[in-house]
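Just below is one structure, and these are the notes that go with it.
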Amino acid sequence: MPITLPPSAVRRAAAAGATVTLSLALAACGANFNAQTSKPYQPAEGTNVTSGSIAVRNLLVLAGEDGAGELHAAIVNTGRTDDTLTGITSEPAAAPRGDGAEPTAPPATVTVGNVRPMTLSPGASLTLPPVSGKPFTVTGGKPGGMITLTITFAKAAPVTAHVPVLTTDHYSPTPRDDAPEGSHG
């Protein structure tokens, strides 16, 4: 004699099967090559840039309201040979705004000082400001704004980064009203 199930048991089994199938289908929507968890994420306030085997991490400027500050970063050589940091310069800031219009006021001149060649050994990191010697200074960047810096190396290609300027107490201020349009990130 065949086993027969009451109609309510059949409905419960069908509902359970549909629930499991739907759960698997919905869970798979985020598990592809475009899943958000597979994309790079920058949790720090600084900027990350890479040139070959040289990785610059958490690049930022800590400055006072007068625009005088210090450059902070970790520069890591993941390669197998030495490289040398040879220079850091600011890019011209008078470029047209993102909408193609000319800036209404010329931006402040940003200068980087105390930059000197520093060896980047394989597998090691260089912290800025350096442990010994004078820190790399930056003048002209005000907290709440962004500056553009180019870092050059002896072997790796130069990298250009848009660098945030934070207050010396390490808290991000609200973007400045007098910052150039489009410089807030």
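Atom set for the values below is all heavy atoms of this structure, side chains included, hydrogens, waters and symmetry mates excluded.
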Q: Determine whether Leu71 and Leu59 make a side-chain contact, defined as any pair of heavy atoms from C-beta on separated by less than 4.5 Å.
A: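 Yes, at least one pair of side-chain atoms sits under 4.5 Å.
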(Q) Run the side chain to side chain donor-acceptor pair (under 3.5 Å) test against Ser121 and tell me which residues pass, sequence neighbours left out. (A)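 Once residues adjacent in sequence are excluded, Ser121 has no partner under the side chain to side chain donor-acceptor pair (under 3.5 Å) criterion.
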Is the side chain of [X] donor-acceptor paired with the backbone N or O of [Y] at a distance under 3.5 Å, no angle test?
X: Thr50; Y: Ala55; answer: no
X: Lys142; Y: Gly67; answer: no
X: Ser53; Y: Asn77; answer: no
X: Ser51; Y: Val159; answer: no
X: Thr86; Y: Thr152; answer: yes
X: Asp83; Y: Lys155; answer: yes

Q: Any side-chain hydrogen bond (donor to acceptor under 3.5 Å, both in side chains) involving residues 130-139? Give me the pairs, sequence neighbours left out, ordered by first then second residue.
A: Thr111-Thr139
(Q) Can you see whether Thr84 engages Thr119 through a side-chain donor-acceptor pair at a distance of less than 3.5 angstrom? (A) no
Q) Between CG of Leu126 and CE of Met118, what distance do you get to the nearest 0.5 Å? A)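 Leu126 CG to Met118 CE: 5.0 Å, rounded to 0.5 Å.
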Q | Pair Thr150-Thr160, side chain to side chain donor-acceptor pair (under 3.5 Å): steps then yes or no | A | CA-CA 4 Å; Thr150 297; Thr160 299; 2.9 Å; yes
